[in-house]
Amino acid sequence: MNTGPQNDWFDKDFYKTLGVSKDASDAEIKKAYRKLARKYHPDANPGDEKAEEKFKEIGQAHQVLSDKESRAQYDQVRAMGGGARFSAGSGGPGGAAGGGFDDVFSDLFGGGGRTRTRTTYGGGGDVPPDLADLLGGFGGGFGGGGYGGYQPPVKGGDIKSSTTLSFTEAIDGASVKLNMPGGKPLTVRTPIGVKDGQKIRLAGKGKTSPNGGEPGDVILTVHVSPHPVFTRDGDNLRMDLPISFDEAALGAEVKVPTLGGMPVKLKVAPGTPSGRTLRVRGKGVKTKKGTGDLLATVEIVAPKNLSKEAKQAVESFKAATEGEDPRAGLLDKAKAS
């Protein structure tokens, strides 16, 4: 009887391979296997033969311990005391084998008597058919180097979806109902302050695994509609603030809108030019890190239609400020550069 590969197998401690106790639950075994399989998977360790061998050992251990019947048989074998040892006996294939293979397994795997049908297994050795079936299920046999097409559990596929939020919904967060494959909707609460183009991953909400692995994810892409007044700059909100010429020249206190709230008053200093940015603190985007500001960029608006009196007033202003040249030095700067 060819006993070398069998002895080698019975020396293995599959519980130790997975790093679990002998009374570990099915869930603990599954969790330990997944963790180790990800760590030693060949795709994660290209060219690493030791990692590949470790991956095979993990797969073999899981395949034995994850099945209730095979685990019970394995535990019985291990309970014999440090693993079974077999002798071929002196009588050849049909001879007596005191304390040998048949004695050990005649009761363990059924059959009670000494007479049974034999089958040839793995290089000419005779193995009882029930044991051959058991061992053959553990990854393709002893000494063969293969694992019989065994595939570890794979993660299910991801589902891609998209939604469009208004500017205010993106800032405040919103509930979105997604139509999923199979007809069952999925309600999602978007995070506060989500940005245009941001992707949200919903773990475990995707397609189921084809072989008992973790389900895939839903990847939601958020599109944000533009606002007629505000734009976003990180956690700050920006807007253009139109003011009149006299407000810019003389100074003023003007009302400024806020997103979804009451307007606030903002002071414009005398002589404020177009393009200057005024800040209103705490009126921007609220996030977990804090709240941004509202940034108002001044834009001086010239009147399109002047009454006769207004035109005369502007003419008077022009005459009074004749010595003022807003473009002084501009030509010289252009030549110098």
Side-chain angles (χ1 to χ4, degrees), residues 34-35 38 155-209 213-244 247-248 252-269 272-301:
R34 284 181 173 176
K35 181 179 179 180
R38 285 194 295 266
K155 186 178 180 180
D158 292 338
I159 297 175
K160 295 183 179 180
S161 185
S162 63
T163 189
T164 299
L165 303 179
S166 70
F167 192 86
T168 302
E169 287 176 330
I171 298 297
D172 296 337
S175 292
V176 178
K177 184 174 288 187
L178 305 179
N179 294 321
M180 305 297 290
K184 186 176 181 180
L186 174 66
T187 301
V188 179
R189 181 70 185 179
T190 61
I192 294 175
V194 65
K195 299 178 182 178
D196 183 45
Q198 183 174 336
K199 296 183 184 298
I200 301 172
R201 182 177 293 272
L202 307 171
K205 300 298 183 181
K207 298 178 182 178
T208 57
S209 168
E214 297 178 355
D217 304 332
V218 169
I219 301 175
L220 177 64
T221 301
V222 178
H223 302 289
V224 181
S225 300
H227 194 279
V229 174
F230 302 101
T231 58
R232 186 170 176 179
D233 181 4
D235 292 340
N236 295 325
L237 293 178
R238 287 188 176 274
M239 62 167 291
D240 292 331
L241 178 62
I243 63 174
S244 64
E247 290 174 330
E253 189 174 72
V254 300
K255 286 185 177 181
V256 178
T258 61
L259 184 64
M262 296 294 292
V264 296
K265 291 184 178 181
L266 183 62
K267 287 186 178 181
V268 179
T272 296
S274 281
R276 177 172 291 177
T277 298
L278 307 178
R279 183 182 298 269
V280 182
R281 296 193 179 278
K283 295 299 181 180
V285 180
K286 294 182 179 179
T287 66
K288 293 181 179 179
K289 298 179 180 179
T291 304
D293 301 330
L294 173 61
L295 306 177
T297 301
V298 171
E299 179 182 351
I300 298 175
V301 179

**Prompt:** What residue among Val176, Ile200, Val188 forms side chain to side chain contact (heavy atoms under 4.5 Å, CB included) with Val222?
**Reply:** Ile200
**Item:** Spacing of Ile192 atom CD1 and Lys288 atom NZ [to the nearest 0.5 Å]
**Value:** 8.5 Å
**Request:** From the options Asp172, Ile171, Asp235, Thr291, select the one residue that forms a side chain to side chain contact (heavy atoms under 4.5 Å, CB included) with Lys286.
**Result:** Thr291
**Message:** With rounding to the nearest 0.5 angstrom, report the CZ to CG distance, Phe230 to Leu295.
**Reply:** 11.5 Å
**Message:** Run Thr297 and Thr277 through side-chain hydrogen bond (donor to acceptor under 3.5 Å, both in side chains) and show every step you take.
**Reply:** CA-CA 4 Å; Thr297 301; Thr277 298; 3.2 Å; yes
**Prompt:** Roughly how far, to the nearest 0.5 Å, is CD1 of Ile243 from OG of Ser274?
**Reply:** 6.5 Å
**Prompt:** For Gly284, does its backbone N or O pair with a side-chain atom of Asp293 as donor and acceptor, under 3.5 Å?
**Reply:** no
**Asked** Does the pair Thr221 and Lys199 meet the rule for a side-chain hydrogen bond (donor to acceptor under 3.5 Å, both in side chains), with working shown?
**Response** CA-CA 4 Å; Thr221 301; Lys199 296 183 184 298; 3.0 Å; yes
**Polar side-chain atom of Asp158 near backbone of Val218 as donor-acceptor pair, under 3.5 Å** = no
**Prompt:** If you round to the nearest 0.5 Å, how far is CG of Asp196 from OG1 of Thr231?
**Reply:** 12.5 Å
**Message:** Run Val285 and Leu237 through side chain to side chain contact (heavy atoms under 4.5 Å, CB included) and show every step you take.
**Reply:** CA-CA 7 Å; Val285 180; Leu237 293 178; 3.8 Å; yes
**Asked** Does NZ in Lys155 sit with more than 12 non-hydrogen atoms of other residues, nucleotides or ligands closer than 6.0 Å?
**Response** yes
